[in-house]
Novice: 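Quick one: the structure is below, questions incoming.
Excluded from the calculations below are hydrogen atoms, water molecules and symmetry mates; all remaining heavy atoms, backbone and side chain alike, are included.
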Amino acid sequence: MRRIGVEERRARLGLRHRLAAEDRAEGPEEAARAVVALHATDPASVYLAVAARTGGLEVEAVERALYEERTLLRLLGMRRTMFVATLDAASVIQAACAGAIAARERRTLDGLLASKDDGRDRAAHLAMVEEATLRALAARGEATGAELSGDVPELREEFPYGEGTAWAGVQRLTTRLLGLLGAEGRVVRGRPRGSWLSSQHRWTPLERWLPGGLEPWDEAAARTELVRRWLAAFGPGTTTDLRWWTGWPARDVADALGPLDIVEVKLDSGPGLVLADDLDPAPPAEPWVALLPALDPTVMGWKERAWYLGEHAPTLFDTAGNAGPTVWCAGRVVGGWGQPESGEVVVRLLEDVGAEAAARIEVAAERLSAAVGGVRVSPRFRTPLERELSS
């Protein structure tokens with residue numbers, strides 16, 4: 001059985017994820033494709049993840065790919081998480097993940113309507129609001145949720161959530177319905193209302209944004225293709241990794257793996273999987289360092305993380321498993337970073353990396369500080385070290 005040790009896995013990571021200096025991506029599309037898709041829960045993370053893989057923060061280049069050339073698309077995908085992907089990957093993700101997400105969203109929405117217990121025909125009412133919303137959006141071309149709720153008064157209906165908890169609040173039908181229509185691939189998120197840090201996006205019909213829509217895929221074939229792409233980018237890995245990354249139950253992962261030509265390999269932690277044509281030893285990468293943003297696809301790529309994260313999870317992750325900003329050295333996490341009120345990037349190393357690597361990390365921090373120009377990037381999910389460095 002072929003053995004792939006920790007050092008080789010780290011070398012693969014650096015080269016395939018375009019973090020090693022000798023194999024940078026040439027643009028946002030290559031950066032996204034290298035990791036299947038970019039995490040987009042924090043809008044700024046998309047830009048910073050691309051910057052780490054191309055060698056520089058170019059906000060205009062990412063915006064051009066997203067909103068002008070439209071070679072990248074923002075959509076819900078694995079684990080009901082927001083991603084930015086190339087169009088070919090977006091087609092696969094939509095077919096592989098959207099059906100289950102949309103079905104769950106529709107059940108949730110039906111439950112919210114049922115909680116009113118007002119005797120109305122819920123299905124008929126929801127269908128009416130959906131069609132009215134789509135007509136209003138088509139007439140405008142693009143619109144915010146607030147603008148659509150002005151056109152369709154029924155969207156203003158409110159539902160309580162989290163009653164009795166610290167996060168209790170009220171949510172409008174606008175948010176739930178637009179999320180459902182997005183999961184079904186009928187509408188997409190376009191330009192944000194504000195800067196590249198904004199999470200409030202305008203909505204537009206998919207056919208208007210991408211004439212001809214996304215390439216159609218059979219769901220089973222799309223799931224197999226998504227798993228193949230993960231193995232090509234993140235392999236070797238385990239079925240535990242795949243179940244976590246996709247958010248699918250074990251049976252769905254097994255069914256997706258079935259048509260693939262895969263080989264079992266020996267990892268330091270036990271058995272793993274790799275594509276059969278991906279057994280050649282990885283070439284050694286030159287020493288590299290990187291400052292990756294919160295929820296970067298590399299740090300969130302596996303469930304079993306000890307081989308690159310060590311014992312740093314309690315410091316660099318929140319209690320729900322969301323990663324904060326991380327510092328990397330030659331394929332392993334060695335620290336974290338944050339931004340105090342001054343806006344400069346401040347690094348803290350959690351282990352000794354040697355004077356040469358520490359100097360390179362300091363240079364990388366200075367470059368990132370200059371690139372963001374004093375703009376503070378505050379992650380949505382705060383982690384212990386990021387909070388401390390940003391206070």
Side-chain angles (χ1 to χ4, degrees), residues 39-46 74-84 94 97-138 140 142-195 197-206 247 294-295 318-322 378-382:
H39 273 261
T41 303
D42 279 338
S45 288
V46 174
R74 190 183 309 270
L75 77 165
L76 277 179
M78 298 69 73
R79 307 185 308 281
R80 199 187 171 280
T81 297
M82 192 66 62
F83 287 90
V84 161
Q94 179 70 24
C97 303
I101 294 172
R104 186 164 58 248
E105 287 297 300
R106 194 167 283 281
R107 287 194 300 271
T108 299
L109 192 47
D110 183 70
L112 291 173
L113 292 171
S115 68
K116 293 297 185 74
D117 194 23
D118 51 12
R120 62 186 165 184
D121 184 331
R122 300 195 302 274
H125 176 74
L126 184 56
M128 180 273 293
V129 179
E130 285 182 51
E131 292 307 313
T133 300
L134 290 170
R135 285 196 304 271
L137 187 55
R140 285 182 175 270
E142 63 175 19
T144 64
E147 289 168 340
L148 289 172
S149 65
D151 296 337
V152 184
E154 290 83 0
L155 288 172
R156 301 174 198 163
E157 185 172 0
E158 295 182 337
F159 305 94
Y161 67 88
E163 292 182 287
T165 68
W167 56 87
V170 173
Q171 189 175 61
R172 280 191 169 185
L173 179 58
T174 313
T175 303
R176 304 296 319 198
L177 182 58
L178 288 172
L180 170 60
L181 295 174
E184 292 178 340
R186 294 198 274 174
V187 302
V188 296
R189 295 161 179 83
R191 283 188 179 273
R193 292 186 62 188
S195 72
L197 304 179
S198 174
S199 60
Q200 295 185 4
H201 291 264
R202 297 175 177 87
W203 296 85
T204 192
L206 175 64
L295 299 174
D318 70 8
T319 55
N322 299 298
S378 183
R380 178 170 299 183
F381 304 108
R382 310 296 298 276

Novice: Would you confirm whether Asp42, through its side chain, and Ala44, through its main-chain N or O, come within 3.5 Å as a donor-acceptor pair?
Specialist: no
Novice: Do Trp203 and Leu181 touch side chain to side chain, with heavy atoms closer than 4.5 Å?
Specialist: no
Novice: Side chains of Thr81 and Met78: does their closest heavy-atom pair fall under 4.5 Å?
Specialist: no
Novice: Please check if the number of heavy atoms outside Arg193 that lie under 6.0 Å from its CZ is greater than 12.
Specialist: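 No, the 6.0 Å shell around CZ holds no more than 12 heavy atoms from other groups.
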Novice: Is the shortest side-chain heavy-atom distance between Val187 and Leu134 below 4.5 Å?
Specialist: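 Yes. Closest side-chain heavy atoms under 4.5 Å.
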Novice: Keeping the roles fixed (side chain from Arg202, backbone from Pro192), state whether a donor-acceptor pair exists under 3.5 Å.
Specialist: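 Side chain of Arg202 to backbone of Pro192: a pair is present.
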Novice: Is there side-chain contact between Leu112 and Leu173, with heavy atoms separated by less than 4.5 Å?
Specialist: no
Novice: Any heavy-atom pair between the side chains of Thr108 and Arg176 that's under 4.5 Å?
Specialist: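 Yes - at least one pair of side-chain heavy atoms lies under 4.5 Å apart.
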Novice: Measuring from Arg189:CZ to Ser199:OG, what's the distance to the nearest 0.5 Å?
Specialist: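 So the gap between those two atoms works out to 10.5 Å.
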Novice: If you look at every heavy atom in Ala183 and Ala98, which pair is closest and at what distance?
Specialist: O-CB, 3.1 Å
Novice: Has the side chain of Ser149 got a donor or acceptor atom that lies under 3.5 Å from a matching backbone atom of Ala146?
Specialist: yes
Novice: Hey, what do you get for CD (Gln94) to CD1 (Ile101), rounding to the nearest 0.5 Å?
Specialist: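 Nearest 0.5 Å value for the CD-CD1 distance: 8.0 Å.
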Novice: How far does OG1 of Thr144 sit from CG of Leu137, to the nearest 0.5 angstrom?
Specialist: 10.0 Å
Novice: Test: salt bridge (charged side-chain N to carboxylate O under 4.0 Å, His left out). Region: residues 121-133. Which pairs qualify, not counting sequence neighbours?
Specialist: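 Counting only pairs at least two positions apart or across chains, the salt bridge (charged side-chain N to carboxylate O under 4.0 Å, His left out) contacts touching residues 121-133 are Arg106-Glu130, Asp110-Arg122, Glu130-Arg186.
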Novice: Any donor-acceptor pair under 3.5 Å linking the side chain of Thr174 with the backbone of Leu155?
Specialist: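 Here the side-chain-to-backbone pair exists.
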Novice: Got a salt bridge between Arg120 and Glu157, using NZ or NE/NH1/NH2 to carboxylate O under 4.0 Å?
Specialist: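 So Arg120 pairs with Glu157 through a salt bridge.
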Novice: Given side chains that start at C-beta, do those of Met82 and Leu76 come closer than 4.5 Å, heavy atoms only?
Specialist: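 SC-SC contact between Met82 and Leu76 confirmed.
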Novice: Do the charged groups of Arg80 and Glu105 touch, with an N to O distance under 4.0 Å?
Specialist: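 Counted as a salt bridge, because a side-chain N and a carboxylate O are separated by less than 4.0 Å.
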Novice: For residues Val188 and Leu75, determine if any side-chain heavy atom of one lies less than 4.5 Å from a side-chain heavy atom of the other.
Specialist: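 Of all side-chain heavy-atom pairs linking Leu75 with Val188, none is under 4.5 Å.
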Novice: Which distance, rounded to the nearest 0.5 Å, do you find between the CG of Leu180 and the CZ of Arg107?
Specialist: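 Here the rounded value is 11.5 Å.
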Novice: Looking at Ala40 and Arg74, what are the two nearest heavy atoms and their distance?
Specialist: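 For Ala40 and Arg74, the tightest heavy-atom pair comes out as CB-NH1, 3.7 Å.
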Novice: Which distance, rounded to the nearest 0.5 Å, do you find between the CD of Glu158 and the CD of Gln171?
Specialist: 10.0 Å
